[in-house]
Protein chains: 2
Amino acid sequence: MAYEARRDVFQAIADPTRREIIGLVVKEPQNLNALAGNFNMSRPAISQHVKILTECGLIIIKQKGRERYCEAKLDALNEVSAWIEQYKQFWEQKLDALETYLEKIQQQPKTKKNAGRK
Amino acid sequence: MAYEARRDVFQAIADPTRREIIGLVVKEPQNLNALAGNFNMSRPAISQHVKILTECGLIIIKQKGRERYCEAKLDALNEVSAWIEQYKQFWEQKLDALETYLEKIQQQPKTKKNAGRK
DNA sequence: AGTATGTGTAAGTATTTGCTTACGCAAATT
DNA sequence: AATTTGCGTAAGCAAATACTTACACATACT
């Protein structure tokens, strides 16, 4: 990452790792090391993702001593939500299988991607 | 663009040009030249964006003679919508809590902050 | 038939992205 | 005081991304 000018929410959630970070932090705020423990990549990599997420306001950091706790603050998702909502009627007119689809989504089990890391 | 393996919807809508293409095509299906006329970039650039959008199913092409009409088919946005919906309560809860708090300390009846939300 | 139009695609390029390792520094622990 | 822990950030790199121009090739028009 260049870690510069990007604080666009659409861009932020385009990366699967960042979406997963959001999912983890929503469930439980945690510090950066704990967060990184869930992934198959280095701690700095996660740190950089978190930086992007904070820059666009999806995560806030609460410093506690030397630890930095990441909490979700998803208001910025409103921008995406609003963009989608404006088209929702358009596509729902044409789609009768929406509920089926949503059920399918919800039933997807969580995969354990990164078992043994430290 | 590399125009290869990417057909991820989150990635597709991360680009502002592609979001604009979707907006235009929803309003009115149009061929590629007409579409490109709306942008400050070359026709091939738009063609490549459209390719990505078709690959992830957000646009379908209807060939008419030598022209190719682009139509929106936004069902794939469900994936994004579903992802967002699962967090909606999370962030709206916090908004509601804030409003409750504000109303309490201000002793004011009925603010309209919530208008337009679901 | 010859030309114009609508379009896909290849090749080239600059920039951005997503990662790594290396290092530095402050807060906690010993 | 010395070490460990938690973390940010720089530098480097491969790959992806977003463009461009050049070209090929139908379909339509004359």
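Throughout, protein chains are lettered first and strands after them, A, B, ... in sequence-line order, and every chain is numbered starting at 1. FYI, side chains are in, hydrogens and waters are out, and symmetry mates aren't considered; it's all heavy atoms of this structure.
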query: Reading nucleotides 22-30 of chain C from the 5' end, what letters show protein touch, with B for base, S for backbone sugar-phosphate only, - for no heavy atom under 4.0 Å?
result: B----BS--
message: On the side chain of B:Q48, is there an atom forming a donor-acceptor pair with the base of D:dT17 - under 3.5 Å, no angle test?
response: no
task: Test B:N38 against B:I21 for side chain to side chain contact (heavy atoms under 4.5 Å, CB included), laying out the working first.
output: CA-CA 9 Å; B:N38 295 103; B:I21 288 176; over 6 Å; no
task: Take the protein atom CG of B:L53 and the nucleotide atom C1' of D:dT17, then report the distance between them rounded to whole Å.
output: 14 Å
- line: Residues at least two apart in sequence or cross-chain that pass side chain to side chain donor-acceptor pair (under 3.5 Å) with A:S81, listed by chain then number, are B:K88
- prompt: Phosphate oxygens OP1/OP2 of C:dC19: is one of them under 4.0 Å from a side-chain N or O of A:S42?
  reply: no
- prompt: Can a side chain N or O of B:T17 be found less than 4.0 Å away from OP1 or OP2 on D:dC19?
  reply: yes
field: OP1 or OP2 of C:dT5 under 4.0 Å from side-chain N/O of B:N33
entry: no
query: Under 4.0 Å: is that the gap between some side-chain N or O of B:K51 and OP1 or OP2 of C:dT7?
result: no
message: If the condition is side chain to side chain donor-acceptor pair (under 3.5 Å), which residues does A:Y69 pass it with, not counting sequence neighbours?
response: A:E67
- request: For B:F10, check ring pair (Phe, Tyr, Trp, His ring centres under 6.0 Å) against everything at least two apart and list the hits.
  value: B:W83
message: Does any part of the side chain of A:D15, heavy atoms only, come nearer than 4.5 Å to the side chain of A:H49, both counted from C-beta?
response: yes
- line: For B:S42, the side-chain contact (heavy atoms from CB on, under 4.5 Å) test, sequence neighbours excluded, returns B:P44, B:A45
- prompt: Which whole-number value in Å describes the distance from B:M41 CE to D:dT17 C1'?
  reply: 12 Å
- prompt: With respect to the phosphate group of C:dT7, does any side-chain polar atom (N or O) of B:N31 fall under 4.0 Å of OP1 or OP2?
  reply: yes
field: Nearest-Å distance for atom pair CG/P, residues B:D15 and D:dT17
entry: 11 Å
query: Below 4.0 angstrom from OP1 or OP2 of C:dT7, is there any side-chain N or O of B:Q63?
result: no
task: Please state how far atom CD in A:Q30 lies from atom P in D:dC7, giving the value in whole angstrom units.
output: 10 Å
query: Can a side chain N or O of B:H49 be found less than 4.0 Å away from OP1 or OP2 on D:dT17?
result: no
task: Please test B:I22 against B:L77 for side chain to side chain contact (heavy atoms under 4.5 Å, CB included), starting from the C-alpha separation and ending with a verdict.
output: CA-CA 11 Å; B:I22 289 174; B:L77 284 184; 5.5 Å; no
- request: Using atom CD of A:Q11 as one end and atom P of C:dT15 as the other, report the distance to the nearest whole Å.
  value: 17 Å
